There are 2 protein chains.
Amino acid sequence: MVKRVTIKDLAANMGVSSGTVHRALNGKPGVGDELRERILETAREFGYRPNYVASSLKRKTLRIVAAFPGSTEQNRYYYTYVWQGFRDCMEELQDYNLQVIEIPYYNTMNVQGHELTAVLERYNHEIDGLITVGHAHDERGEQAIRQFIQQGIPVMLTCDDLHDSGRMGCVQANYELTGRMVAELLSSQLPENSSVLIGAGDIMVPSHYGIIQGFDAYIKENEISLKTVKVHGYKDEEEISMRMREYLNSDPSIRAIYSVNARGSVMIGKLVKEMGLAGKLRVIGSDLFDENAANMKAGILNNIIYKNPYQQAYLATRRLLDYLIKGEKPIEDVKYVESVVLFNSNLSMYL
Amino acid sequence: MVKRVTIKDLAANMGVSSGTVHRALNGKPGVGDELRERILETAREFGYRPNYVASSLKRKTLRIVAAFPGSTEQNRYYYTYVWQGFRDCMEELQDYNLQVIEIPYYNTMNVQGHELTAVLERYNHEIDGLITVGHAHDERGEQAIRQFIQQGIPVMLTCDDLHDSGRMGCVQANYELTGRMVAELLSSQLPENSSVLIGAGDIMVPSHYGIIQGFDAYIKENEISLKTVKVHGYKDEEEISMRMREYLNSDPSIRAIYSVNARGSVMIGKLVKEMGLAGKLRVIGSDLFDENAANMKAGILNNIIYKNPYQQAYLATRRLLDYLIKGEKPIEDVKYVESVVLFNSNLSMYL
DNA sequence: CTGAAAGCGCTTACAG
DNA sequence: CTGAAAGCGCTTACAG
């Protein structure tokens, strides 16, 4: 192995001090343009590669803010794993001289925004990076995210994106492909001219309607004789459950049920159990958590669509830190994490 | 954030030198038993956590040997991704002062063993870790692996295990659960009393027969009316292809074909194409590489079982390095990487 | 068995 | 704009 080229080597070679080399390489002020160019040129020539392990040792602590919904109530289905992915990544890179500020927030609307603005004040705007969720239709939250970006703080989003906000990137599931995949799975399992009853969630939520769009597109493009019966809605479970029950009672062509979200999956689990439909229909739920896992083991759910929130948050955090520690900007703007079909047989591997 | 506790803090507190604290914490010789105990106690009390970033800076370079089949010919289907997983992990942790020695070997039998023994000689036994594959029934290879272990060199295996060799761990696919999952998938797609034609591979290869065992067990345990027609064999493709063709011509109950390995998947792809059976049978291949991907896009393969060799090698490497850098022993002896069912719809996410 | 010193490859004040 | 020095938290010889 060739000896590693260091800043000292470059400095000696050029007859300047190592401080000057450092300033030149890192774009810091205080080096003449001509000298800076020559140093950069020499670094390239010598194949210099910075040692980030060493550089983290002396530089000031990087302060990272993470803001996600607190994992209570309905949010625990998903955000428990988002927090875990974030923490595991921070833990792994802890020795790189990092400080974490965790902001769990507890009401979806506006609270995210208020908390974020508050933390910016509290730390006197000395924050090096933010990772959070781009909730659609949360004005206050979006405004706060833009505030960070305007301060020059790099912002990484996960789960949901805000395309034109200026964030450095987003790591999320590919909702359209997820919907296509479910359509492909069901069309391989159901006889011709069957119907699928879909708990389609909120038409304003990207993670819900994206899936539906993909599902419909797959069926149309492949000219499949699968019909869909969609029940929209999100918050009022009682009412949605009632409407689903009516469809199940009145439409004998329904051979499968699918919920695009976690909350709806718990509901259809209950419904299938109450109506004694287990094993008579194909039933597909979304997201992995206790209730869904139990229903799968009991034969009430046949498949679970797992969007891997842990991995989404882990990778988003990783990208933010790679940028802050190494200056590496992610190649793609948006990174999609694979959605996976779980079966009863391999459920245990994901728990 | 509380200031990090360092070796210096501990030394000052105890009135000893930082060298002594270092020796005590790392189990190095040259500290009295009584003093060592007191230092360890104080470290616990103060919540001391070593900074591995700092420790890598001055310590001697860790020399890691990686030995996998070279990714040519049939091996490129799988081992290309094994090498990639290994390299990406090494790349990520490069700043921790590591040296890599790559040993690709080109004939499966015995060559692995010869190469490994040779490298041990060449570096005068000064090797800090080995990552390789536990090929079953390769006497010479197994012998060499044991040789490393006897020298006290930690050995991590991937893809295939050698249980009683004393290796520190193995990261691999769970073949039995993979077989069960395929049985579950097919039984949800095929009408009653169908048969599945299975390219069952080599009965001596764990990654082949493990899948078959899982498949059969699922069918038996769940009393499913699925029959299997198995064609064993591995090397002689012509002959296997011929036998499969005969079954397909003579047994009309066959509604699906499945190959447990990469090589067989290419073969069944050809067969289905030649016999004009695309779309008439469910066809499931194994492993992700150009030929399989192309066949999937063309509608010849319906699903691919992806065992994620990249992730297997990445995680195995990671575990070895976590041990060498941080002294963290993996909790589980064997770590299983999830096998995933790929669909045409989400294939693009894995390429 | 223990200490004092040098140094890994950087970054950060400070002085000029 | 540039240099010299100190130091991040460790590890590694060397001396006693």
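Owing to the predicted nature of the structure, the values given are computational and were not obtained by experimental measurement. A note on names: the letters A, B, ... follow the listed sequences, proteins ahead of strands, and every chain is numbered from 1. Only heavy atoms go into these numbers, but all of them, side chains included; no hydrogens, no water, no symmetry mates.
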Charged N-O contact under 4.0 Å between Glu91(B) and Lys326(A):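 Lys326(A) and Glu91(B): not salt-bridged.
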
Pairing of Glu92(A) and Arg318(B) as salt bridge, 4.0 angstrom limit: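 Salt bridge present between Glu92(A) and Arg318(B).
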
Nearest-nucleotide pick for [X], side chain only, options being [options]:
X: Ile7(A); options: dT12(C), dC10(D), dC10(C); value: dC10(C)
X: Leu57(A); options: dC8(D), dT12(C), dC10(D); value: dC8(D)
X: Val31(B); options: dT12(C), dT2(C), dG9(C); value: dT2(C)
X: Arg23(A); options: dT2(D), dC10(D), dT2(C); value: dT2(D)
X: Thr20(B); options: dT12(D), dG3(C), dC8(D); value: dG3(C)

Base partner of dA13(D), which must satisfy Watson-Crick or wobble distances under 3.5 Å: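 Partner of dA13(D): none found under 3.5 Å.
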
Watson-Crick or G-U wobble mate for dA4(D), both contacts under 3.5 Å: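 Checking every strand shown, dA4(D) finds no partner, since no pair has both distances under 3.5 Å.
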
Without decimals, in angstroms, what is the distance between [X] [atom1] and [N] [atom2]?
X: Asp33(B); N: dC1(C); atom1: CG; atom2: C1'; value: 11 Å
X: Lys58(B); N: dC8(C); atom1: NZ; atom2: C1'; value: 6 Å
X: Asp9(B); N: dC10(D); atom1: CG; atom2: C1'; value: 13 Å
X: Asp95(B); N: dC10(C); atom1: CG; atom2: C1'; value: 11 Å
X: Lys60(A); N: dT12(C); atom1: NZ; atom2: P; value: 7 Å
X: Leu35(A); N: dG3(D); atom1: CG; atom2: P; value: 7 Å
X: Leu10(A); N: dG9(C); atom1: CG; atom2: C1'; value: 12 Å
X: Asn97(A); N: dG7(D); atom1: CG; atom2: C1'; value: 13 Å

Residues in side-chain hydrogen bond (donor to acceptor under 3.5 Å, both in side chains) contact with Asp95(B), at least two apart in sequence or another chain: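 Counting only residues at least two positions away or on another chain, Asp95(B) forms a side-chain hydrogen bond (donor to acceptor under 3.5 Å, both in side chains) with Arg4(A).
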
Sugar-phosphate only, base, or nothing, as touched by Val16(B) at under 4.0 Å among non-hydrogen atoms: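 Answer is sugar-phosphate: Val16(B) comes under 4.0 Å of backbone atoms only.
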
Sugar-phosphate, base or nothing in reach of Gly30(B), heavy atoms under 4.0 Å: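 Result for Gly30(B) = base.
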
Distance test, side-chain N/O of Ser55(A) to OP1/OP2 of dG9(C), below 4.0 Å: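 False: Ser55(A) side-chain N/O out of range (4.0 Å or more) of dG9(C) OP1/OP2.
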
dG7(C) OP1/OP2 closer than 4.0 Å to side-chain N/O of Lys8(A):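 Result: no.
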
Plane angle bin for Trp83(A) and Phe86(A) - parallel if under 30°, tilted between 30 and 60°, otherwise perpendicular: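 Plane angle over 60°, so perpendicular.
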
Partner of Gln151(B) by side chain to side chain donor-acceptor pair (under 3.5 Å), out of Arg146(B), Glu126(B), His125(B):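 Testing each of Arg146(B), Glu126(B), His125(B) against Gln151(B), the sole residue satisfying side chain to side chain donor-acceptor pair (under 3.5 Å) is His125(B).
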
Residue Tyr323(B) excluded, over 12 heavy atoms near OH under 6.0 Å: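 No, OH of Tyr323(B) has 12 or fewer neighbouring heavy atoms, counting only those of other groups under 6.0 Å.
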
CD1 (Ile331(A)) with more than 12 external heavy atoms under 6.0 Å: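 Counting other residues, nucleotides and ligands, CD1 of Ile331(A) stays at 12 neighbours or fewer.
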
Heavy-atom pair of closest approach, residues Gln112(A) and Ile145(A):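 Where Gln112(A) meets Ile145(A) most closely, the heavy atoms are NE2-CD1, 4.2 Å.
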
Selection: residues 44-51 of chain A, any non-hydrogen atom under 4.0 Å of DNA chain D: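 None - not one residue of the stretch has a heavy atom sitting under 4.0 Å from the strand.
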
